[in-house]
Q: 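Sharing a structure here in structure tokens format.
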Amino acid sequence: METTAVPDRTATLRRLMALLPPGRVLDGAAQLAAYGSDGLTAFEARPLAVVVPETQDEAIAAVRFCHAEKLPFVARGSGTSLSGGSTPCAQGIVITLNRLNRILRLDPAERVAVVEPGVINLAVTAAAQPYGLHYAPDPSSQSVCTIGGNVAFNAGGAHCLKYGMTSNHVLGVKAVLATGEVVTWGGPSRENIGPDWTGLFVGNEGLFGIALEVTLQLLPRAEVFHTVLAGYRTLEEAGDAVAAVVASGLLPGAIEIMDALALEAASAAVHAEYPPGCAAVLIVELEGPREVVAADRLRLDAILAASQPVEVRPARDAAERLAIWKGRKSAFSAVGRLSPDFIVQDGVVPRRRLGEALRKISAWSKEMNVRCANVFHAGDGNLHPLILYDGREAGALERAEALAGRILRLCVEMGGSITGEHGVGLEKRDYLPDMFSPEEVACLKRLRAAFDPFEIANPGKMFPGPGAPALTQHGLHPLEKAGVIARE
Amino acid sequence: MVALAPAPLTPASLDELAAAVRSAPRVIAVGAGTKPRLAAVGADVVRVSTVRLSGIVDYEPSEFTFTALAGTPLREIVAALGEKGQYLPFDPPLAGAGATLGGTVAAGLSGPGRFRFGGLRDFILGVRFVDGEGRLLRLGGRVVKNAAGFDVPKFFVGSAGRFGVLGEITFKVFPRPAVRRTLCLPVAETKAMTAMFAAAGAARWELDALEADPAAPAVWLRLGGPAAALDALAGEIFARWPGRTVPDDEAAAHWTAISEFDWAPAGGTLAKFALSPGQVPAFVAALAAAPGAKGWIGAGGNVGYAAGPAGAALPAWGGAGVTLRGNGPLWLGPPPRVEVMRAVKAAMDPVNRFPGLDETGA
Ligand SMILES: Cc1cc2nc3c(=O)[nH]c(=O)nc-3n(C[C@H](O)[C@H](O)[C@H](O)COP(=O)(O)OP(=O)(O)OC[C@H]3O[C@@H](n4cnc5c(N)ncnc54)[C@H](O)[C@@H]3O)c2cc1C
């Protein structure tokens with residue numbers, strides 16, 4: 001196989017290079033190494049080449065070439081996927097979209113932005129800020145991840161309960177499909193006519209094609225915030241407080257919980273101070289017009305006071321609010337520092353079963369002798385268990401993966417989901433059949449084939465199958481090690 | 001001689017629904033018939049009615065979710081949610097006329113409240129549906145957050161029954177604001193109306209609804225939230241633009257009339273158009289130029305409805321729209337048709353059991 005494949009590959013590369021302006025195709029070993037894996041450096045594969053289009057037409061030409069040659073390709077933004085979604089395909093090409101990074105239009109009157117896929121999430125908000133607007137989806141990686149990656153993975157963040165995920169903010173897409181066909185769906189209107197093709201495209205995990213232009217809705221920035229941190233003796237009490245807040249009819253912008261291990265790590269890493277003697281901390285944030293927040297906070301204060309907290313600490317100013325969020329957003333990287341390797345999951349359980357799920361996870365963690373920290377979006381039942389292990393220890397990775405698997409299956413059994421926001425990718429593809437019947441998986445596969453009959457767009461992801469790249473280790477993303485981003 | 005359509009099939013369970021779909025070579029789902037143009041296809045297409053597929057299957061107020069059979073009347077859902085202080089924030093229209101949950105999804109219709117938190121597409125979480133080969137499938141999720149698999153539930157929004165028959169649907173819901181206040185602000189002309197859309201939409205007030213009556217012309221605003229806050233917010237709005245607070249009874253009647261399209265001529269044609277706020281002046285001009293036509297602008301200028309008496313032509317407006325009632329083409333404006341649409345149709349309905357998107361006969 002190898003002997004015949006090698007000359008073929010060289011010829012393929014030559015044809016690809018001939019198609020594009022000089023410098024667009026990278027094939028040096030060192031250049032390729034930078035694209036070998038993604039968010040967790042968990043999986044690694046060596047692509048044939050990396051294409052760096054500078055225009056939409058070049059991206060289209062590259063995809064049409066792949067279609068004609070039946071050559072696999074993986075679209076790539078910033079490579080921060082936590083589920084191996086942007087791991088390259090051995091012998092395929094990577095099409096990296098970072099240079100397609102123009103904000104094409106920002107219309108403050110219509111409150112929409114049209115952007116290319118390589119635009120960084122936070123750059124959209126930065127551009128909207130002068131008009132009092134912002135782009136709502138706020139994954140913790142927002143200072144580095146791209147809109148194209150967000151669209152492909154339907155990324156979330158801390159404010160999903162009230163504002164939804166990426167797909168709730170995407171009004172339209174222009175894309176080149178894996179067949180080479182260029183489509184434009186939706187547009188500046190917040191309403192749509194006919195089937196919601198834009199909605200179907202968002203969350204495709206790179207399996208349908210490449211987004212070239214995305215129309216985003218912008219929202220007015222909330223006038224004021226009221227952020228409260230409350231400490232509890234047990235995780236269960238914190239969970240009960242969430243239930244009470246939700247039952248009260250309030251609609252907070254965010255409801256988050258951190259457990260004891262996460263608190264310990266955050267205190268060590270960013271010197272966050274938490275009420276002593278707490279096994280869990282709850283963060284609730286109200287936001288809106290000042291008169292509304294003033295009225296709502298009276299209710300929130302009363303609910304929290306009745307929830308038997310060790311202590312309740314409202315942020316008194318913007319600096320205290322930022323400190324609360326800094327502790328929260330750094331928690332995972334901080335926990336990551338406690339251990340050479342870790343796996344992060346993002347399963348979802350019905351909110352009322354959070355306590356039960358956490359009890360089970362904690363019992364399994366003891367029973368299997370695997371440490372596990374929990375930081376999660378309590379408002380929408382989205383768990384983020386961080387499973388710690390040392391890859392140098394024989395059998396440790398297997399035990400960690402076994403615990404991760406038990407947690408995913410628990411989420412499905414409880415009527416939840418294997419992923420709330422990180423996507424199925426490579427990492428959870430074997431669990432897709434836990435959530436969907438064979439006929440349902442077959443339906444998803446037929447849809448994929450409609451967009452990509454040759455299975456060249458990001459093959460090996462989302463659906464169970466052979467051919468996973470080598471599993472190396474799970475550790476901090478290089479950018480996390482550098483303190484640039486933190487995960488939720 | 002006009003061929004009489006056979007009586008609709010009326011399955012009473014999801015299994016019966018799948019069997020009903022399998023029982024005929026050509027099938028289309030129908031609900032309460034409040035948007036009849038969507039299902040106005042050839043008489044050879046057997047109607048599968050969801051009238052007996054009715055009821056809330058699961059409602060957990062603490063989860064902010066419910067699951068109901070597709071034929072459940074909106075009215076019933078609105079009442080059940082209301083008892084627990086919750087609601088579908090996008091105000092699904094035509095509840096009073098008997099519209100069903102499934103029909104509302106297939107039509108892709110949202111009401112005034114969609115301005116604040118988004119439309120129907122932003123609240124649908126999961127579906128159980130029967131595909132073209134008669135298989136009962138469940139896609140999406142039953143919890144408020146889920147990213148596993150392609151978002152087929154969203155795709156069904158506005159799909160007019162062309163890709164599958166909805167059997168059961170899961171939605172996200174929100175706590176209902178304690179109090180609502182409606183403000184009516186007269187405007188001199190359309191330009192003032194669109195300027196108000198832009199300013200009010202970007203303001204700090206977080207309006208619940210932002211609509212306009214293009215004929216009056218007047219802008220209708222709705223605030224929602226704790227009672228103590230609304231006086232101050234309304235005061236600030238009035239300081240900017242003159243207008244009146246609409247008394248509660250009148251406001252309730254007004255929003256019901258909008259949701260029920262009471263302003264549209266009975267027995268006539270009714271169509272929905274997706275607009276961008278910048279297109280509103282041209283849309284209003286087209287309305288004014290069409291004899292007998294009436295209209296309404298919703299979602300801060302992102303949607304326009306146009307209606308005309310039976311037999312009269314709708315305004316000549318080139319943008320994308322869909323006819324809900326009356327005659328005329330189903331899809332208005334240039335429907336963009338690309339190859340992958342045919343492929344997706346073949347993936348969901350390989351035997352072409354459901355009418356195609358452009359099979360809009362009658
Ligand atoms: C520290 C850290 C914190 C994180 N926090 C969050 C969080 O809070 N919430 C959350 O949801 N995620 C989070 N993530 C995950 C990740 O950041 C998101 O999934 C993000 O959307 C990926 O963006 P990216 O630009 O890095 O995409 P990549 O990782 O490069 O790609 C992701 C997927 O998108 C595809 N893709 C990329 N661009 C395109 C395009 N233009 N067209 C089609 N497909 C494309 C790729 O093929 C791949 O499948 C975090 C990751 C890290 C490392």
Side-chain angles (χ1 to χ4, degrees), chain A residues 109-111 132-133 154 156 160-161 164 167-168 177 181 183 188-196 199-200 202-204 220 223 243 246-247 249 251 288-289 291-292 295-296 348 350-352 380-382 415-421 423-424 432 435-436 439-440 443-444 446-447 449-451, chain B residues 60 62-63 85 108 118-119 121-122 131 135 137-139 141-152 154-155 157-159 163 174-175 198 201-206 225-226 228-229 232-233 272 274-278 299 302-303 320-322 331 335-336 338-340 343-344 346-347 357:
Chain A
E110 296 194 347
R111 297 187 308 286
L133 303 172
N154 194 11
C160 294
L161 176 64
S167 74
N168 304 108
L177 305 180
E181 184 174 39
V183 298
S189 180
R190 281 158 167 81
E191 277 284 336
N192 181 55
I193 300 294
D196 195 336
L200 180 63
V202 178
N204 75 68
E223 185 188 13
V246 165
L251 183 60
E291 298 87 347
V292 172
D296 283 352
V348 184
R351 189 165 33 212
R352 68 183 181 287
D380 36 40
N382 192 183
S417 171
I418 57 174
T419 173
E421 54 183 25
V424 177
L432 195 73
M435 225 178 126
F436 299 111
E439 285 188 331
E440 288 155 1
C443 173
L444 294 173
R446 281 196 305 276
L447 275 172
F451 285 86
Chain B
E60 281 292 341
S62 69
E63 298 302 323
R121 75 183 294 272
D122 300 302
D131 74 0
R135 287 178 289 237
L137 307 173
R138 184 202 301 272
L139 290 172
R142 276 171 297 169
V143 279
V144 291
K145 204 170 180 188
N146 166 49
F150 305 129
D151 200 345
V152 173
K154 264 200 192 63
F155 178 68
V157 177
S159 67
F163 296 84
F174 273 169
R204 69 178 192 94
W205 311 313
E206 299 195 350
L233 294 176
K272 168 192 157 176
L275 303 177
S276 67
N302 282 277
V303 65
V322 57
W331 307 114
V338 289
E339 180 55 25
V340 73
V344 167
L357 273 177

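Note: hydrogens, waters and symmetry copies are ignored here, and every other heavy atom, side chains too, is used. In the text below, chain A, chain B and the rest are named by the order of the sequence lines, each starting its count at 1.
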Q: Between atom CD of A:Glu421 and atom OG1 of A:Thr419, what is the distance when rounded to the nearest 0.5 Å?
A: 7.5 Å
Q: Between A:Arg111 and chain B, which part of the residue has a heavy atom less than 4.5 Å away: side chain, backbone, both or neither?
A: side chain
Q: Heavy-atom pairs under 4.5 Å with chain A are the metric here; pick the option from B:Pro175, B:Ala343, B:Ala147, B:Ala346 that has the most.
A: B:Ala147
Q: Can you tell me which portion of B:Trp205 sits under 4.5 Å from chain A's heavy atoms? Options are side chain, backbone, both or neither.
A: backbone
Q: Relative to chain B, which segment of A:Ala109 carries a heavy atom at a distance below 4.5 Å: side chain, backbone, both, or neither?
A: both
Q: Only counting residues at least two apart or in another chain, list the ones meeting side chain to side chain donor-acceptor pair (under 3.5 Å) with B:Arg138.
A: none
Q: Within this structure, what is the CG-SG distance for the pair B:Leu137 and A:Cys443, rounded to the nearest 0.5 Å?
A: 5.5 Å
Q: Under a 4.5 Å heavy-atom cut-off, does chain A meet the side chain of B:Val322, its backbone, both or neither?
A: both
Q: What residue, out of B:Leu233, B:Asp131, B:Val152, has the most heavy-atom pairs lying under 4.5 Å from chain A?
A: B:Leu233
Q: Taking side chain as everything from C-beta outward and backbone as N, CA, C, O, which of these in A:Cys160 sits under 4.5 Å from a heavy atom of chain B? Side chain, backbone, both or neither.
A: both
Q: When you compare the side chain of B:Asp151 with that of A:Leu200, does any pair of heavy atoms fall below 4.5 Å?
A: no
Q: What pair of heavy atoms forms the shortest contact from A:Arg190 to A:Glu110, and how long is it?
A: NH1-O, 3.0 Å
Q: Select one option (side chain, backbone, both, neither) describing which atoms of A:Glu223 are under 4.5 Å from chain B's heavy atoms.
A: side chain
Q: Return the option, out of A:Asn154, A:Val183, A:Leu447, with the maximum number of heavy-atom pairs under 4.5 Å with chain B.
A: A:Leu447
Q: Given a strict heavy-atom distance threshold of 4.5 Å, which part of A:Phe451 is in contact with chain B: side chain, backbone, both, or neither?
A: both
Q: Measuring only between side-chain heavy atoms, which start at C-beta, is A:Pro195 closer than 4.5 Å to B:Leu357?
A: yes
Q: Is a side-chain donor-acceptor pair under 3.5 Å present for B:Lys154 with A:Ser167?
A: yes
Q: Restricting to side chain to side chain contact (heavy atoms under 4.5 Å, CB included), what partner residues turn up for A:Asn204, sequence neighbours left out?
A: A:Phe201, A:Phe208, B:Phe150
Q: Report which part of A:Glu440 has an atom under 4.5 Å of a heavy atom belonging to chain B: side chain, backbone, both, or neither.
A: both
Q: Any chance you could measure B:Asn146, atom CG, to A:Ile418, atom CD1, to the nearest 0.5 Å?
A: 8.5 Å
Q: As an exercise: rank A:Pro188, A:Gly194, A:Gly164 by heavy-atom pairs under 4.5 Å with chain B and give me the winner.
A: A:Gly194
Q: So which of B:Ala198, B:Gly118, B:Ala274, B:Gly85 has the biggest tally of heavy-atom pairs under 4.5 Å with chain A?
A: B:Ala274
Q: Which residue is it: A:Asp196, A:Asn168, A:Asn192? I am looking for the one with a side-chain hydrogen bond (donor to acceptor under 3.5 Å, both in side chains) to B:Arg121.
A: A:Asp196
Q: So, taking the atom named NZ in B:Lys272 and the one named CD in A:Glu191, what distance separates them when rounded to the nearest 0.5 Å?
A: 3.5 Å
Q: Counting only heavy atoms closer than 4.5 Å, note whether A:Leu177 contacts chain B via side chain, backbone, both or neither.
A: side chain
Q: Please determine, among A:Val246, A:Leu133, A:Leu251, the option with the most heavy-atom pairs under 4.5 Å with chain B.
A: A:Leu251
Q: Name the member of B:Asp122, B:Val157, B:Leu139, B:Val303 that forms the most heavy-atom pairs with chain A at distances under 4.5 Å.
A: B:Asp122
Q: Walk me through whether A:Met435 and A:Ser417 qualify under side-chain contact (heavy atoms from CB on, under 4.5 Å).
A: CA-CA 7 Å; A:Met435 225 178 126; A:Ser417 171; 3.7 Å; yes
Q: Which region of B:Leu275, side chain (C-beta onward) or backbone (N, CA, C, O), has a non-hydrogen atom less than 4.5 Å from a non-hydrogen atom of chain A, or is it both or neither?
A: backbone
Q: Give the member of B:Gly141, B:Ala228, B:Ala202, B:Gly225 that has the highest number of heavy-atom pairs under 4.5 Å with chain A.
A: B:Ala202
Q: Under 4.5 Å from any heavy atom of chain A, what part of B:Ala203 do you find: side chain, backbone, both or neither?
A: backbone
